[in-house]
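Quick note on labels: first sequence line is chain A, next is B, and so on, each numbered from 1. Keep in mind that this is a model prediction, so the values were computed, not measured. All heavy atoms count here, side chains included; hydrogens, waters and symmetry mates do not.
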Protein chains: 2
Amino acid sequence: MVTMRDVARRADVSIATVSFTVNNSKTVSPATRARVEQAMEELGFRRNMVARALASRRTRVIALLYPALQQRLSGTAVKFFTSAAKTAGDLGYTLVLWPVSNDAEQVTQLTSGGLVDGVLLMQVQLDDPRVDRLVETGTPFAMIGRTRDPSGLTFVDIDSENTTVAALDYLTGLGHRRIALLTSDGDSAVPHFGPTERTRATYLVEMGRRGLDPVMLECGETPQAGRLAADELYARAPETTAVMVLNENAAFGLLNGLRHLGVSVPGDMSILSVGSSPDIAAIADPALTLMVSPADELGRMGVEALVDRLEGREERGNHTLVMCAFHEGSSTAPPRR
Amino acid sequence: MVTMRDVARRADVSIATVSFTVNNSKTVSPATRARVEQAMEELGFRRNMVARALASRRTRVIALLYPALQQRLSGTAVKFFTSAAKTAGDLGYTLVLWPVSNDAEQVTQLTSGGLVDGVLLMQVQLDDPRVDRLVETGTPFAMIGRTRDPSGLTFVDIDSENTTVAALDYLTGLGHRRIALLTSDGDSAVPHFGPTERTRATYLVEMGRRGLDPVMLECGETPQAGRLAADELYARAPETTAVMVLNENAAFGLLNGLRHLGVSVPGDMSILSVGSSPDIAAIADPALTLMVSPADELGRMGVEALVDRLEGREERGNHTLVMCAFHEGSSTAPPRR
DNA sequence: TTGTACGCGTTATCAG
DNA sequence: CTGATAACGCGTACAA
């Protein structure tokens with residue numbers, strides 16, 4: 001291995017000078033810089049990130065913690081990851097997906113080990129054991145999503161309230177009055193998932209405000225469960241003309257279940273899938289109309305907020321909300337007269 | 001931060017003794033061990049992984065490189081990741097998903113920086129620039145998939161040949177004689193993807209051996225492309241009664257396209273999807289009959305092979321092939337008379 | 001069984 | 001603008 005010492009000797013300068021030129025941490029005379037760079041070139045020098053980390057007390061690595069790895073990574077999650085990784089790279093960091101459960105002990109071990117400078121938390125629950133632990137150990141972190149009381153913490157999250165309002169505006173704008181809501185149930189990968197609870201609450205309020213009757217269904221996050229939900233919907237509320245779905249996998253099952261019931265989409269029933277991603281919604285037939293999860297923005301802003309904290313540019317408590325964006329598909333239409 | 005020195009002082013032993021007890025690297029008298037452990041407990045000592053890595057020249061971190069992150073992570077890839085991570089954990093390593101493109105330079109920077117001990121390569125192309133680079137820099141690595149000439153390299157891969165034979169055996173066993181093959185085209189995320197090319201070659205040989213006429217289609221990895229493939233299939237070979245698909249996303253489009261053509265599945269046409277995962281195939285209606293990618297095994301064996309190399313237990317050149325397993329669905333049936 | 005002393009490759013401090 | 005020199009926290013021969 002070629003060390004800085006080798007380079008220094010070859011360029012006939014001190015180790016410190018080599019460090020300065022490599023890191024641009026101090027001004028170096030052009031002549032000296034040239035000599036050093038030539039020496040590095042000739043020797044094939046590559047700096048040792050571990051030594052660098054030990055000396056500077058930072059690895060420039062950020063860990064993305066995604067607990068729900070037992071299932072497939074949704075298109076949304078991947079988009080998020082990709083965007084976050086790119087942003088991190090632009091800011092001089094490396095972001096890696098670190099597979100830990102939401103066991104607090106594992107999280108502690110990771111962060112206090114010094115291998116990562118900070119942590120980005122995905123799939124945050126309303127009461128998340130990881131968060132308490134991170135606060136305790138003083139690890140810099142930012143959340144995608146938020147706990148029940150996120151004051152003093154840094155997070156970016158989906159603006160479920162306004163997204164729900166927009167979704168209902170869209171459906172009522174088409175003329176629908178019988179609008180049901182299908183979400184995940186308590187057995188989902190992330191129990192007490194903020195967006196689910198906030199969407200349900202907002203849905204109730206908004207339906208009431210519009211003088212409409214709410215119909216709320218919930219089911220597991222599988223196509224099979226979605227299919228059963230179709231049956232349940234027809235048993236409980238056969239008059240329904242539109243369903244707002246916050247459960248990507250179930251949306252497919254719902255669609256198939258309706259077809260088997262002889263219900264045409266969007267002729268007899270409109271379906272609006274909230275929080276999914278276009279590429280996966282395209283699998284459905286007809287292609288689903290969506291409120292697209294702002295994965296790119298969330299990833300970018302999450303990393304930016306975290307790096308701000310890492311570099312001391314910000315006190316704690318940066319909060320940002322982003323709405324889902326409407327994406328036209330073929331699963332919605334005005335209700336039949 | 002609590003260092004070993006602090007612990008040593010508190011327990012009134014030397015730093016070395018603390019290290020021995022922590023790592024079980026030398027026998028320590030029970031009395032001393034107790035004192036040290038108590039001191040660690042009281043001080044809340046957590047060892048610094050970076051310093052440990054610098055001194056021991058190993059981080060015990062393995063990077064999983066997955067280049068095709070521009071799109072969604074298939075269920076197969078996630079299963080693979082999960083299984084690999086678990087295996088690594090059992091062996092005393094941490095496996096992280098490191099988002100690098102398949103740019104060779106980035107790979108070099110990562111591995112020569114010393115932050116990871118070894119690399120697991122996914123989505124290996126038949127001619128993969130990353131592989132040459134890793135060989136050059138002497139980085140320990142193992143591949144999931146293989147290059148055109150993998151002699152001397154360590155890999156685990158899908159046994160495409162035997163899987164294809166099994167798939168054709170199954171379909172001919174049902175009575176099908178007109179069997180088409182739909183794969184990805186050259187514009188896919190991973191060009192010159194080994195399984196695709198090997199499956200196509202084997203398909204040709206096997207169809208010939210059975211005295212059947214081959215029909216090969218290829219299309220992009222999207223539902224839309226799969227839909228067009230349905231049209232093409234009916235234009236080119238309307239007599240076809242079964243399709244073997246090696247293109248998960250297109251399989252959905254194919255299914256929908258056929259329905260719109262008035263072709264019932266599996267009544268008029270059987271579909272067998274090779275190399276996908278059950279959870280995602282369940283989205284389809286009818287649920288797809290599969291040859292399931294052995295993601296768990298591949299992940300486990302890949303990590304095991306890599307760790308063997310990392311710990312010098314093995315020379316280079318461990319090769320392992322695993323077949324896809326049959327998984328009953330509702331998209332296949334005997335052909336109509 | 002325990003302790004000493006040095007090495008790992010870089011960064012930070014402070015003096016020139 | 002440049003260069004010694006001391007950390008940084010831990011692993012490990014080697015000595016006791």
**Message:** Within the 4.0 Å heavy-atom criterion, would you say Val50(A) contacts the bases, only the backbone, or no part of the nucleic acid?
**Reply:** nothing
**Prompt:** Taking for each residue the nucleotide of DNA chain C bearing the nearest heavy atom, is the 5' side occupied by Met49(A) or by Ser14(B)?
**Reply:** Ser14(B)
**Request:** Looking only at side-chain atoms of Arg52(B), point me to the closest of dG11(D), dG9(D), dT13(C).
**Result:** dG11(D)
**Prompt:** Side chains of Asn23(A) and Arg52(A): do they bring a donor and an acceptor to under 3.5 Å?
**Reply:** yes
**Message:** Pairing donors with acceptors under 3.5 angstrom, does anything connect the side chains of Asn48(B) and Arg57(A)?
**Reply:** no
**Fill in**
Per atom distances to the Thr27(B) side chain, the nearest of dT1(C), dC10(D), dT10(C) is dT1(C)
**Request:** Would you kindly give the CZ-to-C1' distance between Arg58(B) and dC10(D), to the nearest whole Å?
**Result:** 15 Å
**Request:** Respond yes when some side-chain nitrogen or oxygen of Asn48(B) is under 4.0 Å from OP1 or OP2 of dC8(D), and no when none is.
**Result:** no
**Request:** Could you check whether Ser29(B) gets within reach of a base, just the sugar-phosphate, or nothing at all, counting any heavy atom under 4.0 Å?
**Result:** sugar-phosphate
**Item:** Separation between CG of Leu97(A) and CZ of Phe81(A), rounded to the nearest 0.5 Å
**Value:** 5.0 Å
**Asked** Taking atom types as modelled and ignoring hydrogens, do the side chains of Asn24(A) and Arg33(A) form a donor-acceptor contact shorter than 3.5 angstrom?
**Response** yes
**Prompt:** In whole angstroms, how far is the P atom of dG9(D) from the CG atom of Asp6(B)?
**Reply:** 9 Å
**Asked** Between dC8(D) atom C1' and Ile15(B) atom CD1, what is the distance in whole Å?
**Response** 12 Å
**Complete:** Taken to the nearest 0.5 Å, the spacing of Met4(B) CE from Arg9(B) CZ works out to 14.0 Å
**Asked** How long is the line joining CE of Met4(B) and C1' of dC10(D), in whole Å?
**Response** 6 Å
**Complete:** Comparing Thr3(A) with Lys26(A), nearest DNA chain C nucleotide closer to 5' gives the residue Thr3(A)
**Prompt:** Are any of the side-chain heavy atoms of Val116(A) and Ile62(A) separated by less than 4.5 Å?
**Reply:** no
**Prompt:** Which one, dC10(D), dG3(D), dG3(C), comes nearest to the side chain of Val13(B)?
**Reply:** dG3(C)
**Fill in**
Whole-Å distance, Asn23(A) CG to dT2(D) C1', equals 16 Å
**Request:** Specify the separation, in whole Å, of atom CZ of Arg57(A) and atom C1' of dT11(C).
**Result:** 9 Å
**Item:** Nearest to side-chain heavy atoms of Ala16(B), which nucleotide of dG3(C), dC10(D), dT11(C)
**Value:** dG3(C)
**Item:** OP1 or OP2 of dG11(D) under 4.0 Å from side-chain N/O of Ser19(B)
**Value:** yes
**Request:** Just call it for Val22(B): base, sugar-phosphate, or nothing, with non-hydrogen atoms closer than 4.0 Å on any strand.
**Result:** nothing
**Message:** Please report the distance, rounded to the nearest Å, between CG in Leu54(B) and C1' in dC6(C).
**Reply:** 13 Å
**Asked** Base, sugar-phosphate alone, or nothing: which one does Arg5(A) contact when heavy atoms must sit under 4.0 Å apart?
**Response** nothing
**Among dT10(C), dT13(C), dG3(C), the one nearest Phe20(A) by side-chain distance** = dT13(C)
**Request:** Assign Ser25(A) to base, sugar-phosphate, or nothing according to its heavy-atom contacts below 4.0 angstrom with the strands shown.
**Result:** nothing
**Complete:** note: Leu43(A), atom CG; dG9(C), atom C1'; distance rounded to Å ~ 15 Å
**Fill in**
Assign each of Val28(A) and Ser56(B) the nucleotide of DNA chain D bearing its closest heavy atom; nearer the 5' end lies the nucleotide of Val28(A)
